[in-house]
Trainee: 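Once you've had a glance at the structure underneath, I'll fire off some questions.
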Amino acid sequence: MAATSGKLRPPFRLLLLLLAAAVARSVDGVELTLLTGAREKGAVCLDGSPPGYHLQRGFGSGEHSWFIHLQGGAWCDTIEDCSKRKMSAYGSSKFMRAVEFNGILSNDQQLNSDFYNWNRVFIRYCDGASFSGDGEAQDQDGSTLHFRGLRIWEAVINELMGKGLATAKQAILSGCSAGGLAALLHCNDFYARFSKEVSAKCLPDAGFFLDIEDLSGERHMWSVFNGTVLLQNVTQVLSKDCLAKKDPTECFFPAELVKSITAPTLILNSAYDSWQIQNALAPDGSFPGQSWSSCKTDIRNCSSTQIQVFNGFRNKFVDDIEVVKDKKDWGLFIDSCFTHCQTPFDISWNSQASPVLGNKTVAEAIGDWYFERSYEVKEIDCEYPCNPTCSSQLPK
């Protein structure tokens, strides 16, 4: 999910509050584990506190299988934004609590039959640059802002390797939203850590952000990504081939990232991604009065003219993933539901309200792709509102 400057910040702050509520402490929560020796490794959150993760051990046939999920929660592209962010769980482990594992992280066999008994890890996001920055800056109060997302990624994964990930026979790197982008950024590194005998794959969920103009003609996502790339020094994780030809900010977008990924990857996304529509295509201030307010909140309220604008977004999305269609061992599950992030929630992952493509729910499609139970899983939905399985109850 994307933090931006100017008129995008109010809805972004609301999104962070909703995300924070989703990981609030619960009776059945999985406790937080702080990274060992974080400060010595320079792998710290924005405020200098140690990063953390939540690990639920696998059992039975899943004892040597690992599912790694990178938390989402936008970006901070200015000193001011990062300063505010360090006063929350998205910038400091001081505010982190236990989390409840749902959806693809659930240990409920009926809900999550393919992965319920795997080792499941939820890595907390506290750097503001999709686990990719490596720098620092002086905060407004004179303290240091630590942009150490890349070191956090490396240190946490190394610690998990010592806890059993190194002997995995099956492994998936996933993430939602900004975490989905992080899964793309680190996919090759993750894949390279295992021998060819290990089935290691990547699953970015709602992480395919588009470089588009909003209703007023401004490129908000470009602005956010550009600020993040420059402020947090994220070039180390970008493709060298891309950097030799293009601006680093362009290389941070998924349309370029997928060109250099060698690991088997399934892109899970809505072609009508609700967060991107609300905050990148039709952000507050990009349209006169309240003309788009009701529509961008609920796609069912949109006029035919407004739907055509959304279809333009979809067409751009389909164009950007064209390069993936012929990639061997890759998968696509691109539905037309007005939603954002589909693996971490029970209702989206595997329920009567789960989106269906090719006669498969999200959970069924991902399981068939990972375990190669189908020849291929490359599904791109038709234009809204063609899919009757798109429920208004899905998270937006």
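Remember, it's a predicted structure, so these values are computed and weren't measured experimentally.
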Trainee: Does I366 reach the side chain of F333, with side-chain heavy atoms less than 4.5 Å apart?
Mentor: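 No, their side chains stay 4.5 Å or more apart.
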Trainee: I would like to know whether R151 and K41 meet side chain to side chain contact (heavy atoms under 4.5 Å, CB included); could you show each step before the answer?
Mentor: CA-CA 8 Å; R151 298 189 190 188; K41 299 168 185 174; over 6 Å; no
Trainee: Would you give the length of the straight line joining atom CG of N301 to atom CD1 of I299, rounded to the nearest 0.5 angstrom?
Mentor: 10.0 Å
Trainee: Within 45 degrees of the axis of the six-membered ring of Y125 and under 6.0 Å from its centre: does R85 put its NZ or CZ there?
Mentor: yes
Trainee: Using side chain to side chain contact (heavy atoms under 4.5 Å, CB included), reason through K360 and S374 one step at a time and then give a plain yes or no.
Mentor: CA-CA 11 Å; K360 298 175 183 178; S374 295; 2.7 Å; yes
Trainee: For the CG atom of L257 and the CZ atom of F209, what is their distance to the nearest 0.5 Å?
Mentor: 12.0 Å
Trainee: Looking only at side-chain N and O atoms, does S348 offer a donor or acceptor that is under 3.5 Å from a partner on Q342?
Mentor: no
Trainee: Within the structure provided, determine whether C202 and Y191 are in side-chain contact (heavy-atom separation under 4.5 Å).
Mentor: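 No - every pair of side-chain heavy atoms lies 4.5 Å or more apart.
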Trainee: Do other residues, nucleotides or ligands put more than 12 heavy atoms under 6.0 Å from the NZ atom of K163?
Mentor: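 Count over threshold, so yes.
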Trainee: Is a donor on one side and an acceptor on the other found under 3.5 Å between the side chain of T265 and the backbone of A263?
Mentor: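 Between the backbone of A263 and the side chain of T265 there is a qualifying donor-acceptor contact (under 3.5 Å).
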Trainee: Taking all atoms of both residues into account, what is the closest heavy-atom pair of I152 and C126, and its distance?
Mentor: CD1-SG, 3.9 Å
Trainee: Kindly determine whether S260 and N188 satisfy side-chain hydrogen bond (donor to acceptor under 3.5 Å, both in side chains), including the steps that lead there.
Mentor: CA-CA 8 Å; S260 62; N188 281 343; 4.7 Å; no
Trainee: Under the side-chain hydrogen bond (donor to acceptor under 3.5 Å, both in side chains) test, which residues partner N387, sequence neighbours left out?
Mentor: D381, T389
Trainee: Using the test side-chain contact (heavy atoms from CB on, under 4.5 Å), find all partners of D139 that sit at least two apart in sequence or belong to another chain.
Mentor: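 D139 satisfies side-chain contact (heavy atoms from CB on, under 4.5 Å) with I79, S83, K86, D141, S143, L145 once adjacent residues are dropped.
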Trainee: Can you label the angle between the F115 ring and the F67 ring as parallel, tilted or perpendicular, going by 30° and 60°?
Mentor: tilted
Trainee: Measure from NZ or CZ of K201 to the centre of the six-membered ring of W369 and say whether it is under 6.0 Å with the direction within 45° of the ring axis.
Mentor: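 Yes, cation above the ring, under 6.0 Å and within 45°.
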Trainee: Treating N112 as the side-chain partner and N107 as the backbone partner, does any N or O pair qualify as donor plus acceptor under 3.5 Å?
Mentor: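 Looks like no, no N/O pair under 3.5 Å.
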Trainee: Should we count CD of Q352 as having more than 12 external heavy atoms under 6.0 Å?
Mentor: no
Trainee: For the backbone of V44 and the side chain of H146, can you confirm whether one donor and one acceptor N or O come within less than 3.5 Å of each other?
Mentor: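 A pair under 3.5 Å: no.
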Trainee: What's the spacing between H69 NE2 and R124 CZ if we round to 0.5 Å?
Mentor: 11.0 Å
Trainee: Distance alone, cut at 3.5 Å: any donor-acceptor contact between the side chains of N226 and T249?
Mentor: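 A pair is found: one side chain offers a donor N or O, the other an acceptor, under 3.5 Å apart.
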Trainee: Taking the six-membered ring for Trp, are W349 and F101 closer than 6.0 Å centroid to centroid?
Mentor: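 They do not qualify: ring centres at least 6.0 Å apart.
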Trainee: Please report the interatomic distance OG(S174) to CG(L203), rounded to the nearest 0.5 Å.
Mentor: 4.0 Å
Trainee: Is it the case that the side chains of S351 and D346 hold a donor-acceptor pair, with the cut-off being a distance below 3.5 Å and no angle test?
Mentor: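 D346 vs S351: no donor-acceptor pair found between side chains.
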Trainee: Regarding D127 and R148, does a basic nitrogen lie under 4.0 Å from an acidic carboxylate oxygen?
Mentor: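 No, this pair does not count.
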Trainee: For the pair S223 (side chain) and R219 (backbone), establish whether a donor and an acceptor sit closer than 3.5 Å, ignoring hydrogens and angles.
Mentor: no
Trainee: Please tell me whether T78 and E80 have a donor and an acceptor in their side chains that are separated by less than 3.5 angstrom.
Mentor: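 The answer is no; no qualifying pair exists.
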Trainee: Taking atom types as modelled, is there a side-chain donor on D47 or S49 under 3.5 Å from an acceptor on the other?
Mentor: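 A donor-acceptor contact under 3.5 Å links the two side chains.
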Trainee: Would you say R57 and N119 make side-chain contact, with heavy atoms under 4.5 Å?
Mentor: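 SC-SC contact between R57 and N119 confirmed.
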Trainee: Counting the benzene-type ring for Trp, do F338 and Y384 have ring centres under 6.0 Å apart?
Mentor: no
Trainee: Can you classify the ring geometry of Y370 versus W118 as parallel (below 30°), tilted (30 to 60°) or perpendicular (above 60°)?
Mentor: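 Y370 and W118: perpendicular rings.
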Trainee: Quick one, F252 and L181 - any side-chain contact, counting heavy atoms below 4.5 Å?
Mentor: yes
Trainee: So, do L281 and V309 sit near enough that their side-chain heavy atoms are less than 4.5 Å apart?
Mentor: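 In short, these two side chains touch, coming nearer than 4.5 Å.
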Trainee: Thinking salt bridges, do R193 and D189 make one under a 4.0 Å N-O criterion?
Mentor: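 So R193 pairs with D189 through a salt bridge.
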Trainee: With no hydrogens and no angle check, do the side chains of D335 and Y272 hold a donor and an acceptor under 3.5 Å apart?
Mentor: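 Distance-only check fails for D335 and Y272.
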Trainee: Does any part of the side chain of D241, heavy atoms only, come nearer than 4.5 Å to the side chain of K259, both counted from C-beta?
Mentor: no
Trainee: Does a side-chain N-to-carboxylate-O contact under 4.0 Å join K325 and E322?
Mentor: yes
Trainee: Within this structure, what is the OG-CD1 distance for the pair S239 and I261, rounded to the nearest 0.5 Å?
Mentor: 10.0 Å
Trainee: What distance separates F122 CZ from L105 CG, expressed to the nearest 0.5 Å?
Mentor: 7.5 Å
Trainee: What's the verdict on side chain to side chain contact (heavy atoms under 4.5 Å, CB included) for F317 and I212, showing C-alpha distance, side-chain angles and the deciding distance?
Mentor: CA-CA 10 Å; F317 191 99; I212 55 167; over 6 Å; no
Trainee: Please report the shortest heavy-atom distance between Q306 and S291, naming the atom on each side.
Mentor: NE2-O, 2.9 Å
Trainee: Test L185 against every option in S130, P204, P254 by the side chain to side chain contact (heavy atoms under 4.5 Å, CB included) rule and name the one that passes.
Mentor: S130
Trainee: Listing request: all disulfide bond (SG atoms under 2.5 Å apart) pairs with a residue in residues 230-282, at least two apart in sequence or in separate chains.
Mentor: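 Found C242-C251.
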Trainee: Would a 4.5 Å heavy-atom cut-off, applied to side chains only, mark F208 and I334 as touching?
Mentor: no
Trainee: Students often mix this up, so state it plainly: with edges at 30° and 60°, are the rings of F225 and F253 parallel, tilted or perpendicular?
Mentor: tilted
Trainee: Ignoring hydrogens and angles, state whether a donor on the side chain of D298 or S392 is under 3.5 Å from an acceptor on the partner side chain.
Mentor: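 Distance-only check fails for D298 and S392.
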Trainee: Any idea which heavy atoms bring S274 and K396 closest together, and the distance?
Mentor: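 Scanning both residues, the minimum pair turns out to be OG-O, 3.0 Å.
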Trainee: With heavy-atom distances below 4.5 Å as the criterion, would you say the side chains of N350 and S106 are in contact?
Mentor: no
